Every structure is written in C-alpha cells, then in structure tokens.
2 protein chains.
Amino acid sequence: MPVPRIVIAGGGFGGVYAARALERVLRPGEAEFCLVNRENYFVFQPLLPEVISGSIGLLDTVSPIRRLCPRTNLYVREVERIDLERRVVVLAPGLRRRALELAYDFLVLAPGTLTDLSGMPGLAEHALSFRTLGDALRLRNRALEAIEEAANETDTDFRRSLLTFVVAGGGFSGVEVIAELNDFLRGAARHFPSIRREEIHCVLVHSGERILPEMAPDLAKYAQRILTRRGVTLKLKARVKAATADSVILNTGETIPARTLVSTAPAGATPLIASLDCAKEKGRLRVNASLELEGHSGCVWALGDGASIRMAGGETAPPTAQHATREAELVAQNIAAVMRGGVQKTFQFGGLGKLGSLGHHSAVAEVFGFKISGFLAWLLWRSVYFAKMPGLDRKFRVGLDWLTALIFPADLVQLRVQTSGNITYEHFETGEAVFQQGDAGDRLYVIRNGRVEVLRDGVSVAVLGPGESFGEMALLNSAPRNATVRALEPTDAMAIAKGDLAKLLANFPALHSGLTQLAGSRAQSP
Amino acid sequence: MPVPRIVIAGGGFGGVYAARALERVLRPGEAEFCLVNRENYFVFQPLLPEVISGSIGLLDTVSPIRRLCPRTNLYVREVERIDLERRVVVLAPGLRRRALELAYDFLVLAPGTLTDLSGMPGLAEHALSFRTLGDALRLRNRALEAIEEAANETDTDFRRSLLTFVVAGGGFSGVEVIAELNDFLRGAARHFPSIRREEIHCVLVHSGERILPEMAPDLAKYAQRILTRRGVTLKLKARVKAATADSVILNTGETIPARTLVSTAPAGATPLIASLDCAKEKGRLRVNASLELEGHSGCVWALGDGASIRMAGGETAPPTAQHATREAELVAQNIAAVMRGGVQKTFQFGGLGKLGSLGHHSAVAEVFGFKISGFLAWLLWRSVYFAKMPGLDRKFRVGLDWLTALIFPADLVQLRVQTSGNITYEHFETGEAVFQQGDAGDRLYVIRNGRVEVLRDGVSVAVLGPGESFGEMALLNSAPRNATVRALEPTDAMAIAKGDLAKLLANFPALHSGLTQLAGSRAQSP
C-alpha cells in the first residue's frame, strides 16, 4: 500500500519549518513529503538588508532547502494552479516543457505575500520591492550603478536625482532597508573623490506620525533620532502617490527627484492565492484555529503571511517569522493527529518580542515587556538571529562575514548577471523536435534559416521556411501544443518568451491582428 | 595649463595594472588618469573556476577597481568607438542617455579577447563561455538547474541529457572548468537521493592527442589520469562541430545528449578591436617592441591578450596574466619616458612558469624548469595566486573561504537574479520628457495610455496617443534623437530595447516593413 503524500506549497519560514517538523513528527515510511518552491533555497529574511552593504556574503542569508529537509522531495518549480476538488497540485513546466501533476492526500499552503505595486501610477514600472534575495541584489546594484554614474556626471539636476534614494514605508522592513542603504552609500562615497558625502540623500517616507508603528512610541522616537543624526531625511504623514524613472511624487504635492525608489509596503495576495477558489479574508486564506483551510478540514492547512489566522484567544496572528515557525510546528502535529486518529490542537502564541536593526551597531528591541535601544539592542538582535539561523555551516559563514565586516570596509562590486533577454536564438539539427504535441507552450518561434515540418497526430500538415512563425496557437489559447514541429534540415530560429510576447501583443496592434489572423487560418486548415 | 590626460580602455590585468603602475611612476599632478571598463570591478581570472563550486565567495574573485587605483577616474561604461585621428574615446550612454567623449593625450588599449562562438551552428545559441564573473555564475546556475530538474525526471533519455556536461577545449581553462564542475556535481549529488553518482557524466572534448598542450607531455598524462580516475570522460582528437539545446555534435560523427556545453576556445577579437582602423595581426592589435600601436608612436600603446606583441627576442608574448602585468609596467614607464623626453624600453619576458589546477587538492606545475604534480603542485598553485591577488581584504576573504570550504560541503544555492527582460513598461508624469533631442537612442516606445507631444527644435510637430509608437528613427539610423518627446498627461509606455528590437526587426518581416514605412512618412513631414 502506498504511503500518504503530503505536499507543501511554499519554501519560506512556514513551508520549510513545516517540512522540518513533519520529518521529525512522522516516522520514516509513515508518509511521503514533497515541497514545491520557485527557488532551491530558503531565505533567512531578517538578515536580508545586510546583503545591500555586502556585510553578509550574498549566499549566506539563504540555505539550500535540500540540506534543511533531507527527507523531503524538493520540486524547484512555480505552482501553476491547485485543484482542491481533485486534490492535485499542478507545477509549471521546467527545462522539459511538460506540466507536472502532484496528487496529494494532505496539503500545506504556505504561499506568503507579494509587495503590491499596482494601483499607483509608475510604481510597478519604477519601484523596487524588497522581499527576495534577487530584490536585495537588484537594490545593491542599482545603488552602485547610480553612484558610479554620478561620479562622472556634471549636470547638477541629474546628479541630484542619481544620488537620492527613497524608501516608502516606515515599518521594520523600510527602516532596516534605509538604515543599511544609508550606511552603505556614505561608506562607499569615500572611494569616489568627486562625490561629497552631503550630496547623498536617503529619504524615508511614512504615512503615520512616527515610524515603527509596531513599537512603543519612545523606541520609535529613538529610532527617528538615530536615523536623522546619520543623515536620513524623514518625510512623515506622507505617502508615495506616483513615480517616474526620475522622480517620486508624494501626496503632499512634493516631488522628489530620485532615480531609486524602494517600496516595502503594502503586502498583496500572490497569484496562487488569488486563483484559489476558497474562503479568503483581505486577500488571505481563511483558516480556523487548527489552521485548516475553511471547507477543507482534515485535508488542507494554511499558514504564514498568506493565511488569515484567528488565534484561540480571538486576535489575529501577525505576519512574523516567530509566528510562522510555530504555526508550522502545529500543522505538522495536526496532520500527524489526523493520520493517527488523534485530536487537532489550536494555535495560540503571544510572541516573544520585537527587534529592529538601525544599522551601524544600533537597534531597538521590545522583549518580555522590556524596552531596549542602542548598542545593547543591536547585540541582542545579532545574537537572536544568529541563534535562530538554521544550519551550522550558515552560522559559521555569517560569523566570519561579520568578523570580516568589522575589519574591512564594505564592498563596492556591482554584480551584474547579464541575461541574454527573453528574445533568444535557438538552433536545431535535422530531425530534432522543436516541441512535441502536448508540451506546454512557452514561446513563439520565427524561422531564420532552414525548414521545419508540422506534424499533427503523426501526420505532416505543413512545411514552414524562413520568415514564417509557429507556436502562436498554444500561446494565444494557453493550451498545450497541438502539433509536433521537427526540423527538416539544420534550422535557426528566433524564440520570443510568452511574457514578452504578451506585452508586445497587448500593445502593438499591428502584430496582434497579424498573429490572430495567422492562428485563425491555421485552425481551419486540416 | 591643464595636465595631459591618459585614457586606459579595459579593466583586466593589462588595464588595471597599467593604471596602478602609472599612479606609481608619475607624480601627483603630472597627469590625469581615466580608466574605462564595462564593470566596476577587476576579475582575478585564475580563481574564477572556483566560483562554480562556491568554494570561493561569489564576490571574492573580483576587486573594486576604485580600491585598486584610487587616483584614477573610473568610467563604468562600454567604449562605443575610438577616433584615433581626433584622439577621442567615445563612451556608450549610461543611465543618462548621452554618449560621452573623452579626449586623450595618451591612450592605453587593453581590450582583451572574447570567446568566439560564431562559425559553428548552434554554439552562439546554446554554448556558455567562461571568461567573466557572469559566465561563472551562469554555469553554476545552469548546472544546479539541470541537477534539480533531473532529480524529479523519470524520462531516461531526458534525464541523461540533463546530467551530462560537456566542456570543449583542453587547455588550462577547459581543464580547470571540467575539474571544478565534476567535483562540484559529484559532491552535490549526495544531497539528491534520487540521483546516483554514476549518472553524472562530465566530458572534456579536445582536438589534440593529449590535453594541456602548453605543458610537458608527462604532466599532461598525469592530468589525464587524475581526471579519468575522478570520473571525467576524455574525448581526444575530436572537436565540437554543432550544438542544439539537447545535444553536442562532434566532428567524429558522435552525438552526445547534453543540456550543458561550455566552450573555452577559441579567442576572437572584441567588437572594439574589430572596429579600430589600424594595423592588426590575426585579429590582434599590432604593436612594436615598445608596445606602441603601429602608426601611432608616442601616443597609443596596446597590451594584453588583445595585442599581438613581438618581443625583443623575436618570439610572440603569450596571453597570460604574468605577461600582461609586466607589459603594463613597461607601458607606464614608456609613457613617463615620452612625457619627460626620455627613451622608451622594449618588452622581453620569459615567463616564470605554468600552473594548472585539477581541483580537489591536485594540480600540475612547471616552474623554473621543474615539473611538479599532485598535492605539492596544488599547494604551490594556491600560494602563488594567493600572493598575487591584489588587495589585503581580498586575501583575507579568500583565505576564510578556503578555510570554510575545508570544513563544510559545497553550497547548493542557485542564485537567479530575475531580470524583467528588455521589454519593459515605463511611466511618465505630465510635462516630463521621455527623451531629449540629441540624446542617444536606445529604445523604441509604444504608448499604452496617455498622450505625448513631439517637439523638434522647440516646435511641436505631433501629438501621439495610445497604440502609437515613437523613437524608431534613432534606432533605425543609429543617430541621436531628432526630437524631444514630452508627456502631455500621465502616460504609460512600453519600451523595447535596441538589441531586442534589432532581433525582432531582422526576423519579423511584417514588423520591419511597418516601422520603416512609419519612419519614412515622418521624415517627410515637417
């Protein structure tokens, strides 16, 4: 008899700690564990701001998921959709262009949230978010690119916009990002003889009367004093209303000339949550106190930032790592209880405290009712996260990083991984299949040289040559490939990825009508 | 009176060591130094293969150029072209879309070479090169992606192609890459319970009868034995003839099913060298024994891999770091001699020795006529490069990296910096300029919402709305923008970068004719 399969969707604190707890709570052979995540690593979010200055090695804030949960099968894929009726998780195609279906007996949803940049003009186009390792790297590179450009720029206005950095949102995340960014830029400026330190403007925009609304007023005041003393400009009671490549526009009417804008608020639903047909509350999955998804008791649990959790005491669980890890523990125990015919427990956790780094040996903390600020809070902040970081090798590496950062100045290397873009060239040898009937369609092809044959159910229906395109049907209809295409001779083709094609089609009327005509004429042919 | 300006084009061993030597040889105030490089860092090439396994931190093989040459003005730009007549270096546009002209009194050309993938079908499309930090990261990510995919792949053939890795070229670079890749993959496989170690195939393809033609035959034989024992397959007397996404085709008729191909040979001219109107030899800049560019004595010097250097003894200088750094020293002294009215010296250097790492505590070396292999050679290899690495902080970091790698297994994190692609959305506020007349044209715009006004010499010539495109003229003619475009209301636009547009235009006949028609009709309008 096959063992039950438990699928976990999401590899953040919720998902990874659920897998670790399941590996501990269930005996080997009692169940099979699968975890699906876009990346093969888990990000230790609290230390992510330190990537900006490079005071932590780029890879040292993340841990390979395979190391953290050795008994769990990892699928490095996007979740394309979840069919709660059929109990199937559909994974997006990878290198092999077939979608993969994972049937489950028990499902754990830990999808997290996204930074929602829609709704304000220009933010989706020009603002950076700060959630993933990629985001942290992009911000670091953008900051270095701006300061490198400014070094040789003589136009005063343009120079000012290059050297102005705006962070929107004065919660923990926004404060830690502006503090790290400010420290990093002022340190780096020492190596740019043409840039005076007072030319660097770091601006924190926050809608409330004071930053850090989660903390006691006097700690927030302390944080404001520290940031101001270090040269950060605070814009309180203001919101970012719009952005362009060169400027940030506030609802107060003020326009800040700035090439770099980071938005840390507000959180929105991931496409996966949005597509799920189940009970939600403000874009989060609604669960009961046992963390079961409403309407799917005993089969689906949800946890972490993407779930709306009413605790046993009546209050809502806040979206923090300390809550997510404890929710994960409870979900593992509840699944074991269901499997073994026991009784599920309910979730209740008051939180241990709150910690916020202000960079440069300073922090604020509220622990067990005590309020601490300054160097002592910073030591506490480092110790807590060092202790919480999973994996001995990570602890070792981060320890060495911190040691190195004490001795040497911050790094200035702008790491650009040049990608070839999404319009690429491909080559096929005689007889090779460009794609197979039934494959997931992820790109359109245009032939540059050579000839290909189109086969539907094994029967040749067309031969195409230079300048002709194929593969548009699957993209226009979001259906699997309805034919196999095979090279008749060595063939060179240009491929346009789905996402780019969608942009082109939506905005280039001529291209769209041409392609739909083509698709229409082919659908009618035998 | 202004001091003479010395411009250095290129930031490899040649360029950076020339700047360092100039800063030492010339007194402050005697000349102004400018260095132009695509990246803001210098890559210590000999350690680059270690990035594959992560045994060196990603940023620790590179050093910020500003730290290495503090008195030199760094321009992080591409060189667009060099006008040897007017004595001007033209830099490509950066964030601000204006090309920049740098006039020089003395010019040092250190452009290096490129891996030439053209000429063989499919190589430009599917092979990876191995020269830059970006290349090393891409290879690491590709290897991890392939092994992650293979872990859940049940199709035997596809699985085999995912787990086969081919390196073309058995010189130093090819041997070090296959050795590191093989060690890394076999170590990583331990964390993938579904992958057996014997499923991993690392293949080295080399045209000669033995690898490492630069070394003595018995050392090459030793290297072959070591590699074979570690599981690397050697294909000697064979060349890669073609490649597709799934397979590598050899001139022996054999087809190797493989998703990953790295080409380490042969070197070709950079676009900059190709565009220079001066004497060349096999795609390299021809210089005399004083390293002066032929026909430009006393004004232009060239050095490094991109220069064809006939030494005083008559033989050609090989393309190694030890030669480039000594050429740099000589160029600095020769420039000082010309400035001070002295006599230039000629270049002669026999080389100190040759070192090649075989990974995993093994290497081969020829030093002062001695041949060494195995652990001792590996210790020598590490010591030499550790000593040669510029900058104390790098030494410290690399030392710690090596220490960490001794204790902990290799890292599995697949670092993907997701880029938004080259088709992007932009937002403009009322009155904001999309671009200015005279700017360099680097993208085409299509309006999604809003309206813009086109102004030529300050006079409004057109108003454009949704679905209409602009900016094509500058791209089609490679000319500066011939008009200013300004948003009349908040406007959203799609932008297609020059490179992507070129690909689309060259291969999408319908789009090309439409755009040239449009450009034609606009050129005729007032």
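No experiment lies behind these values; they were computed from the predicted model shown.
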Which region of Ala493(B), side chain (C-beta onward) or backbone (N, CA, C, O), has a non-hydrogen atom less than 4.5 Å from a non-hydrogen atom of chain A, or is it both or neither?
neither
If one checks every heavy atom of Asp246(B) against chain A at 4.5 Å, the contacting part turns out to be both
Atom group of Pro490(A) that falls short of 4.5 Å from chain B, counting heavy atoms
neither
Engaged part of Ile249(B) at the chain A interface, taking heavy atoms whose separation is under 4.5 Å
side chain
Indicate the ring-plane relationship of Tyr445(B) and Phe435(B), choosing parallel, tilted or perpendicular according to the 30° and 60° boundaries.
tilted
Is chain B contacted by the side chain of Arg77(A), its backbone, both, or neither, given a heavy-atom distance below 4.5 Å?
side chain
State whether the side chain of Asn40(A) and the backbone N or O of Glu148(B) hold a donor-acceptor pair below 3.5 Å, judged by distance alone.
no
Please report the interatomic distance OH(Tyr75(A)) to CG(Leu35(A)), rounded to the nearest 0.5 Å.
11.0 Å
Does any N or O in the side chain of Thr491(A) come within less than 3.5 Å of the main-chain N or O of Glu489(A), such that one atom is a donor and the other an acceptor?
yes
Looking at Asp492(A), Leu100(A), Thr255(A), Asp155(A), which has the largest count of heavy-atom pairs under 4.5 Å with chain B?
Asp155(A)
Is Leu162(B) in contact with chain A via its backbone, its side chain, both, or neither, using a 4.5 Å heavy-atom distance?
side chain
Checking heavy atoms, do the side chain of Phe428(B), its backbone, both or neither come under 4.5 Å from chain A?
backbone
Assess the side chains of Glu432(B) and Thr244(A): does a donor N or O sit below 3.5 Å from an acceptor N or O?
yes
Heavy-atom distances under 4.5 Å only: say whether Ala124(A) touches chain B with side chain, backbone, both or neither.
neither
Do NZ/NE/NH1/NH2 and the carboxylate oxygens of Glu145(B) and Arg138(B) come within less than 4.0 Å?
no
Electrostatic pair Arg159(B)-Glu149(B), nearest N-O below 4.0 angstrom:
no
